[in-house]
Amino acid sequence: MKTELAKDFIRQIIDEDIENNSSREVITRFPPEPNGYLHLGHAKSICLNFSVAEEKKGKTFLRFDDTNPVKEDEIYAESIKEDVSWLGYNWEDRLTFASDYFGDLYQAAITLIKKGLAYVDNQNAEEMKNNRGTLTEPGKNSEFRDRAINENLDLFKKMKSGDFDDGEMVLRAKIDMSSPNMNLRDPVIYRIRKYNHQRTKDKWCIYPMYDFAHALSDAFEGITYSLCTLEFQDHRPLYNWFIEQLETDHRPRQIEFSRLNLAYSLTSKRKLNDLIEKNIVDGWDDPRLVTISGMRRRGYPPESIIDFCQRVGVTKKDNIIEMALLENCVREELGNSTQRRMGVLDPIKVTIKNYDKDNIEYLEAQNHPKIPEFGSRKIPFTNEIFIERSDFLEDAPKKFFRLKPGGEVRLRYAYIICCEEVIKDSNGEIKELICTYDPDTKSGSGKSEKKVKGTIHWVSKKHAITSEVRLYDRLFHDHNPGSSEDIQSSINPKSLKISKAKLEESLGEENAPNSFQLERNGYFCLDAKLSKTGKRVYNRVVTLRDTWAKIEKAALSG
RNA sequence: UGGGGUGUAGCCAAGUGGUAAGGCAACGGGUUUUGAUCCCGUCAUUCGCAGGUUCGAUCCCUGCCACCCCAGCCA
């Protein structure tokens, strides 16, 4: 935990409850539907549910809300488990499925019918829609609403035994067709779906709806706080209605909080799915996506995601969090946990004409500027090296501290060099720089008093390994791409740039770290999906803060 | 024009009937062989707006405004 955080309103409610009744347990649940992959918004919910319970020595269930066999699949359930674990949470023996309760749910429906609180409706979807009314007009009672209890019982049993086709009948709660809350206008609680369920196979052909299954599953598991997002606020009266009418042993309490939105990204399963189907991205784990699997592949440490979720807080206010906060969390975590290396993303060759071309000098380089325990390594220096193209400017502004014609710069851990000559090709593009070095300025030798303003990174040409490095930018131009249905038009065509980078020799070693900082270039991580033996592909996780870029930008605009 | 929510800085977010925490961003300065990190400093006379109650209101009351959610046999 990096910052002292004030208690959010949910924790305050829980604290008050505990004060009023010291025996009250904290049992929460994370209830995903296995019909897609988890994203950053889910991470917020996971973090909230698990940490709130953890803080009070309570428990959290991972419960799959698998009540719609048409949309759900086991592969999603597997990925969800992997993602939750990766974030660092453990549900222990509390892995459950709404489908575990299908039998109990069925009995609960029977109870409702017997109490005269549910009825079988023959209306089709179209008719039901027409009779539901509108936001300002009440609905109309179904002509089947006052069926006898025995008839309802009989019909419901026939629904279960497969006597009717999909859509022919539904079971509805009998509440109030004129309620201003649409959820209370006799909601459907069971529908017929002659479809193989991923877990119960063909045992059932009727499936409970979310409101019914969710409220009761919470009650069955003894959930004390059922935390969900704001759009379920209007469902709370229905949630409570089921709990009250069925007189369950446990009475869970639903509390809603606002979902997380991240600027320039999408946190909607449906829209994410769209991107994948249209091949705009490389699957659910594309590193530009804020799916958990995408962020994992990108190289975001789970700790940074948890830290982020803690910092954004929990309220009922709509929000769009800036990407900068997430990136700050990632940098902070990686800064303290990764070793430093050197690598050139866009190389330009430098020949040091006064350095013996047959000589190879091994120079000492620290693996971390502040953590000596990370040790050091030796890097080879020769007369031909690569430096970053952007570290040389022919026409440099006064405050440009890097290399320019006739100017000097320090090569990190090596010598100070001076640019003597610029060699260009027929197109005017710089092909090579001819420099001289000052032998007295060897790093750490203390022989020279010479000081230069700039230090740049470099790699020995002879020893460099060429690797594919993927540089990312935001996937969307639109601050809130989710607000539009036209996702395509806000796609940033330059969100992925592939570079043939020159990396220092040590990154080719067997025990080379999988994630590291390339000094002055950012944090990088091996792409587990694209890398093969003999071919390593790296993702830039995040850049370093770049105040020079800011100065340049300000100079351009001002 | 029904119901349910929400409005505190550019983005998040505390807060109390006694005079606006913190983080991110931004800006200025110091240290630095990463223009990184780190450190220091600046950044709301005002809490959606208008009235009212009060010695005193961001907090209590009234009215208004803005935004979000709801008319699936999805979750």
Side-chain angles (χ1 to χ4, degrees), chain A residues 2-8 31-33 35 65 67-68 70-72 121 123-125 128-129 132-139 166-172 178-185 187-193 207 209-211 213-214 228-237 256 258 263 269-270 308 310-329 331-332 335-336 340 342 366 368-370 399-402 410-414 416 441 443-444 451-457 517-522 543-551:
Chain A
K2 283 150 188 158
T3 18
E4 273 305 311
L5 293 159
K7 280 216 161 81
D8 57 70
E33 182 187 14
N35 70 340
D65 239 325
T67 55
N68 186 357
V70 182
K71 287 181 158 185
E72 296 150 9
D121 197 343
Q123 292 183 107
N124 62 35
M128 273 186 60
K129 183 177 178 172
R132 188 149 29 231
T134 67
L135 296 177
T136 50
E137 301 157 46
D166 286 19
E168 218 178 320
M169 306 260 177
V170 289
L171 184 69
R172 292 228 256 169
S178 64
S179 171
N181 181 344
M182 301 296 288
N183 295 297
L184 264 21
R185 320 248 261 228
V188 171
I189 55 182
Y190 260 97
R191 77 294 214 182
I192 301 167
R193 283 277 181 279
Y207 294 94
M209 296 288 289
Y210 163 82
D211 290 293
H214 195 84
C228 63
T229 42
L230 250 32
E231 66 270 26
F232 292 101
Q233 283 176 122
D234 290 347
H235 294 241
R236 191 179 349 121
E256 312 85 11
S258 54
K269 250 188 228 174
R270 207 191 87 239
F308 171 77
Q310 286 172 162
R311 292 203 211 188
V312 298
V314 181
T315 66
K316 301 181 81 147
K317 210 162 78 175
D318 288 342
N319 60 76
I320 301 179
I321 313 288
E322 288 178 345
M323 191 87 89
L325 182 62
L326 213 208
E327 292 189 337
N328 172 73
C329 293
R331 286 191 190 106
E332 203 166 281
N336 297 320
R340 310 287 113 121
M342 288 204 284
Q366 283 179 282
H368 191 108
K370 287 191 175 157
K399 286 200 172 164
F400 185 78
F401 300 147
R402 289 112 90 165
R410 172 169 287 285
L411 297 176
R412 174 132 241 227
Y413 296 122
I416 289 173
T441 58
S443 191
K451 285 257 192 270
V452 286
K453 282 279 222 176
T455 299
I456 62 173
H457 58 278
Q517 183 196 102
L518 287 183
E519 294 200 17
R520 307 210 307 133
N521 267 325
T543 59
L544 258 30
R545 252 191 212 89
D546 190 349
T547 46
W548 173 250
K550 259 184 237 169
I551 293 165

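In the text below, chain A, chain B and the rest are named by the order of the sequence lines, each starting its count at 1. Nothing here was measured: the structure is a model prediction, and the numbers come from that model.
Checking each of A:Lys269, A:Arg270, A:Lys71 against A:Asn35 for a side-chain hydrogen bond (donor to acceptor under 3.5 Å, both in side chains) leaves exactly one that passes, namely A:Lys269.
Summarising the geometry, the separation between CZ on A:Phe308 and P on B:A13 is reported as 11 Å, rounded to the nearest angstrom. Rounded to an integer number of Å, the gap from A:Lys316 NZ to B:A14 C1' is 18 Å. Atom C1' of nucleotide B:G4 and atom CG of A:Asp318 are separated by 13 Å, given to the nearest angstrom. What separates CZ of A:Arg185 from P of B:G3 is a distance of 12 Å, to the nearest Å.
Distance noted for atom C1' between B:U8 and B:A20: 8 Å (whole Å). For B:A26 and B:A50, the P atoms lie 33 Å apart once the distance is rounded to whole Å. Comparing B:U19 with B:U46, their C1' atoms sit 10 Å apart, to the nearest whole Å. Here, B:U53 and B:A21 have their C1' atoms 29 Å apart, quoted to the whole Å. The separation of B:G15 from B:C60, taken at their P atoms, amounts to 13 Å, rounded to a whole angstrom. With both ends at atom P, the span from B:C38 to B:A75 equals 47 Å, rounded to whole Å. B:C68 and B:U58 are spaced 28 Å apart, taking the P atom of each and rounding to whole Å. Rounded to whole Å, the separation between the P atoms of B:G5 and B:G10 comes to 28 Å.
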One character per nucleotide, please: for nucleotides 70-75 of chain B, 5' to 3', B when the base has a protein heavy atom closer than 4.0 Å, S when only the sugar-phosphate does, - otherwise. BBSBBB
How would you summarise protein contacts on nucleotides 25-38 of chain B per nucleotide, using B for base, S for sugar-phosphate only and - for none, with heavy-atom distances below 4.0 Å? SSS-----BBBSBS
Please step through side-chain contact (heavy atoms from CB on, under 4.5 Å) for the pair A:Met128 and A:Val188, ending with a clear verdict. CA-CA 10 Å; A:Met128 273 186 60; A:Val188 171; 3.4 Å; yes
Walk me through it: do A:Leu325 and A:Val312 pass the test side-chain contact (heavy atoms from CB on, under 4.5 Å)? CA-CA 9 Å; A:Leu325 182 62; A:Val312 298; 3.8 Å; yes
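Using cut-offs of 30° and 60° for the angle between ring planes, the A:Tyr210 and A:Phe232 rings count as tilted.
In this structure, the side chain of A:Arg311 does not engage the main chain of A:Leu326 through any donor-acceptor pair within 3.5 Å. With hydrogens and angles disregarded, no donor-acceptor distance shorter than 3.5 Å links the side chain of A:Ser258 to the backbone of A:Asp318. At least one donor-acceptor pair closer than 3.5 Å links the side chain of A:Ser179 to the backbone N or O of A:Asn181. With hydrogens and angles ignored, the 3.5 Å screen pairs a side-chain donor or acceptor of A:Glu72 with a backbone N or O of A:Asn68.
For the atom pair A:Arg340 CZ and A:Lys370 NZ, the distance stands at 9.5 Å (nearest 0.5 Å). One finds the OH atom of A:Tyr413 at 10.0 Å from the OG1 atom of A:Thr455 (value rounded to the nearest 0.5 Å).
Contact detail for A:Ile416 and A:Thr441: the closest heavy-atom pair is N-OG1, 2.9 Å.
In this structure, B:G7 is classed as anti because its glycosidic torsion departs from zero by more than 90°.
Within the 4.0 angstrom heavy-atom criterion, only backbone atoms of the sugar-phosphate kind lie near A:Thr315; the bases stay farther away.
Classification of A:Glu256 and A:Arg236 as a salt-bridged pair holds, one side-chain N sitting under 4.0 Å from a carboxylate O.
Between A:Lys317 and B:U8 there is a side-chain N or O to OP1 or OP2 distance below 4.0 Å.
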Watson-Crick and G-U pairing of RNA chain B written in dot-bracket, each distance under 3.5 angstrom, with | for inter-strand partners: .((((((..(((.....[...))).(((((.......))))).....(((((..]....))))))))))).....
